[in-house]
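Only one structure is covered here, and it is reproduced in the block below.
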Amino acid sequence: MKQQQQQFTMNIILWLLASMIVCNGLPLNANVAGRPAVVNIGAIFSFKTVIGKAAKIAIETAIEDVNSNPDILPGTKLILQMKDSNYSGFMAVVEALLFMERETVAIIGPQSSVTAHVISHIANVLRVPLLSFSSTDPTLSPIQFPFFVRTAQNDLYQMSAIAEIIDHYGWREVIAIYEDDDHGRNGIAALGDKLAERRCRISYKARLSPEPTRDEITDVLVKVALRESRILVVHVPGSWGLKVFSVAQYLGMLGTGYVWIATNWLSTVLETNSPLSQDAMDDIQGVVTLRMYTPDSQLKRRFVSRWSNLTRGKLIGLNTYSLYAYDTVWLLAHAINGFFNQGGNISFLNNSRASELSEGNLHLDALSVFQGGNLLLDNILNVNMKGVTGDFRFTSDRNLIHPAFEIINVIGTGYRRVGYWSNHSGLSTALPETLWEKLPNRSSTSQMLHGVVWPGQTTQKPRGWVFPNSGRHLKIGVPHRVSYREFVSVRGPDVITGYCIDVFTAALNLLPYAVPYKLIPFGDGRTNPSGTELVRLITAGVFDAAIGDIAIITNRTKMADFTQPYIESGLVVVAPVWRKNSNAFAFLRPFTGRMWAVTAIFFLLVGTVVWILEHRMNDEFRGPPRRQVVTILWFSFSTWFFAHRENTVSVLGRIILIIWLFVVLIINSSYTASLTSILTVQQLSSPIKGIETLVSSKDPIGYQQGSFARNYLIDDLKIDASRLVALNSPEECAKALKDGPHKGGVAAMVDDRAYIELFLSTRCEFSIVGQEFTKNGWGFAFPRDSPLAVDMSTAILKLSENGDLQRIHDKWLLRRACSYQGAKMEVDRLQLRSFWGLFLICGLACLIALFLYFLKMVRQFSRHYSEESDLSGQSSRSARIQTFLSFVDEKEEEVKSRSKRRQMERTSNRSTDDGSNSTSYSIRRNSEFASNKSLGATTNRGEV
């Protein structure tokens, strides 16, 4: 019988699909003028379901309110015909076809999303709008079904809310339990998409038939209990949803550690069938569910107060679907009113191919096309009203505005609200309408919920996962190393030891739960395996994790999640070294040749500048040319030891000397420190200075077999692969380094510091040269988003804090230091670039001092010799320059005394005739000047 009904339904769908082409473009019949006295509308849903029994009362009440309101549809009454689909999709389709025969302009319903998919095809052909307050399937697209109008919140938003709740608590995997029909599958598919946006996923999908037995539910939940995740999302109908929790309670799946999140079917059951039995409430303790949010308003409060009278004698609670059903009738009334205001007529036209459909007893030829269907649909989508659910209008994608949900936690004999979710601002404890006028804020600090009491009566957030109870152990891959077995040593199929193994087991012992595992060697035992290949096998499902000496590098983090590093490492260069002995000229090694040259130049420069500034006023800087040159040299180089005996008397000279002595102090200290290091610390020398030397040369370079160093040298440093030599053991490495590139060996070797430190502990003829040129660490690898990786990282940090990590390191890796451990590579000579700032400051100070001194000399020369120029007439430029140089060389005290005498003579001879005395005055000035020069020369000879 069921198969016949399905076949009948498919025949109808095929006929409708064929009719879609025929009905397009039919002419409209507008013979009816004015508003009709009645308008026929229909409603299809199941009267006895949780949603239907409350929606029936709400729809009937809305029809009465509309017909009694003179402001809406004046002169026209809505005639509602309701049909009970009685849980049957087939009956819903039949009733929809019967409505089409009775010139119905719109249909409220259907209740089921599965049925809506079928009837929407009929509505498309006959142009009759469907307004469903409970078909929330997100795949009921307006593109495919233009005459389907959803008058409740889309399940896409509900699944977004659930995904954000899961992400808010840091869970990464969930199990979906759902009804295996269009509504269930499509809702869970939407949930999977929303979880993927947050790097979460559905790890297992538990399907239930549309009407499952208790045994079927038990079988499914037993499989769920064997899975790893403890986050369960239940998306089933309210008619049998409580049966799932009853079985879960029986199986002990509502205890501590579980998280149950139910879609809004549970809140609908709680509202409609309140109060539930004590057994039913016990089965859902700690469950989190959602409820479509409707803001508080006077219209809502008035309707809620009427509900008790409307349901007198009936135990039917008011749920949100009832509110949306009530508003759906008002939406349709406003749309029909707008339809008439725009001149719309209610007219139907028979199908042009009706004669072909008249055969048989189905009377499909009675179906007619509503000519005003498109106009009525446009009016429905353009309605903007305030209803009991708040502002009621559609967005451009034909969803209701301001989607929001309440998040409810079942506790005791009732439930409490722990927060809200809105498409505008995500999770919040504030009312959604208070956030709609503000800018969206999706920061992690703004996403908050009140405390939740989880199953097991605990307020502590569940971890969300456990190890599967299937008895399967974690398969953990371990590299089967050939060299450096202190890190990992495979001594047998079940005997694996080493530093990395001890760290792993110590971290596991700190976890608050047991981890069943089995270590599986990876590699052939003849060559070191590739760490990257070992990590890749995790993504392939061969291993559940990988431990060992696995460096955390970029391409590996793209394949797996790593724990906190338990040992720091990085690539270094190892090369042969030899002792460098001191020689007779070791005292020159602290400075480079350029540094010595610049320092010597500045010694002479500063000495010369100080001599210039002191020459006119300081007798210690005067005398014959030979003596002055000696003074300059002595003063310059004696400042190195701060042993200069000459005193400076000029202000500029003292400033220059202070700056220079500071420079000398820095240079002297640096030289002393460098020379001390050279003479007291054992020096090692190598032609390889670091990775830069290897990159610029053509010599072969060694690397450890299986190390990521090969790819790094080729891909990042662009070193030709032909230069790289794979070495499989420490002995091979030592031999290749000793032989060198000229005897078939290598110039240097590149490897992880952790290996190299172990390698150098017994091989003093080699050393690390240059700096470590990469920074990384070793960690344990787990599948992406594995919660075990997070817990293991926390455990490793605890090992580091309590000192256990260092003790494990000392147990396996502490070795006697090589005799060269106190030695250093050849000390870098001090470069000019380290001191150029000091030299620049000193040089600028000298230039500024000379410039100021020159200005002072020009000013004094102009003042003391202006009269002489006036008396002697215009002199030649060469004579003036010679006079200026003579003036600069003259002692400042003599210039001042001569100026004073001249001023006195000018005063005593002021009354005489200027013309008669000018000649004698000029002769006297010249003779005085000559006598002064002669006196100065005599004095200088006496000093010598």
Side-chain angles (χ1 to χ4, degrees), residues 590-591 594-674 830-865 881 884-900 936 940 943:
F591 288 166
R594 183 177 296 179
M595 180 65 185
W596 279 116
V598 172
T599 303
I601 290 172
F602 263 83
F603 270 113
L604 297 175
L605 174 65
V606 172
T608 303
V609 171
V610 172
W611 176 83
I612 293 173
L613 299 176
E614 295 289 323
H615 177 66
R616 298 190 71 238
M617 61 183 65
N618 193 339
D619 291 337
E620 294 182 352
F621 288 86
R622 299 184 63 81
R626 180 179 177 183
R627 179 188 175 188
Q628 295 184 47
V629 171
V630 172
T631 299
I632 292 174
L633 294 175
W634 165 255
F635 178 81
S636 299
F637 291 102
S638 63
T639 56
W640 177 271
F641 310 100
F642 304 98
H644 53 286
R645 67 187 182 188
E646 293 80 7
N647 295 321
T648 54
V649 296
S650 67
V651 176
L652 292 176
R654 289 177 177 178
I655 293 174
I656 295 300
L657 184 60
I658 290 173
I659 295 175
W660 174 244
L661 290 179
F662 175 75
V663 175
V664 169
L665 175 65
I666 301 300
I667 296 175
N668 197 6
S669 301
S670 302
Y671 175 85
T672 303
S674 180
L830 296 177
Q831 304 285 335
L832 177 62
R833 62 174 177 269
S834 302
F835 301 93
W836 73 267
L838 290 173
F839 288 127
L840 177 63
I841 293 173
C842 186
L844 290 176
C846 292
L847 290 176
I848 294 172
L850 290 176
F851 178 72
L852 295 176
Y853 180 77
F854 176 76
L855 291 180
K856 178 183 177 182
M857 291 297 98
V858 171
R859 181 171 175 271
Q860 289 182 357
F861 179 76
S862 299
R863 184 173 67 250
H864 290 295
Y865 288 92
I881 292 175
F884 175 74
L885 294 177
S886 299
F887 172 77
V888 170
D889 185 60
E890 190 176 4
K891 192 172 182 179
E892 188 172 357
E893 292 180 358
E894 297 175 359
V895 174
K896 290 182 178 180
S897 62
R898 185 173 63 249
S899 176
K900 188 177 295 185
N940 291 336
E943 291 176 355

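Given the structure is predicted, the values throughout are model-derived calculations rather than measurements.
Counting only heavy atoms from C-beta outward, the side chains of Trp660 and Cys846 never approach each other to under 4.5 Å.
Annotation for Gly843 and Phe602: closest pair N-CE2, 3.8 Å, computed over non-hydrogen atoms. The minimum heavy-atom distance between Cys842 and Val606, with the atom names listed, is SG-CG2, 3.8 Å. For the pair Ile659 and Ala845, the tightest heavy-atom approach, listed with the atom from each and the gap, is CD1-CB, 3.6 Å. Here the shortest heavy-atom pairing between Leu838 and Val663 reads O-CG2, 4.0 Å.
Here the CZ atom belonging to Phe839 is positioned 9.5 Å from the CD1 atom belonging to Ile601, to the nearest 0.5 angstrom. Summarising the geometry, atom CD1 belonging to Ile848 is positioned 10.0 Å from atom CD1 belonging to Ile655; distances are rounded to the nearest 0.5 Å. Note that the CD1 atom of Ile667 and the CZ atom of Phe835 stand 6.5 Å from one another [nearest 0.5 Å]. Note that the CD1 atom of Ile656 and the CG atom of Leu847 stand 9.0 Å from one another [nearest 0.5 Å].
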Margin query: Does Phe603 form a side-chain contact (heavy atoms from CB on, under 4.5 Å) with Val664? I'd like the steps, not just the answer.
Written below: CA-CA 9 Å; Phe603 270 113; Val664 169; 4.3 Å; yes
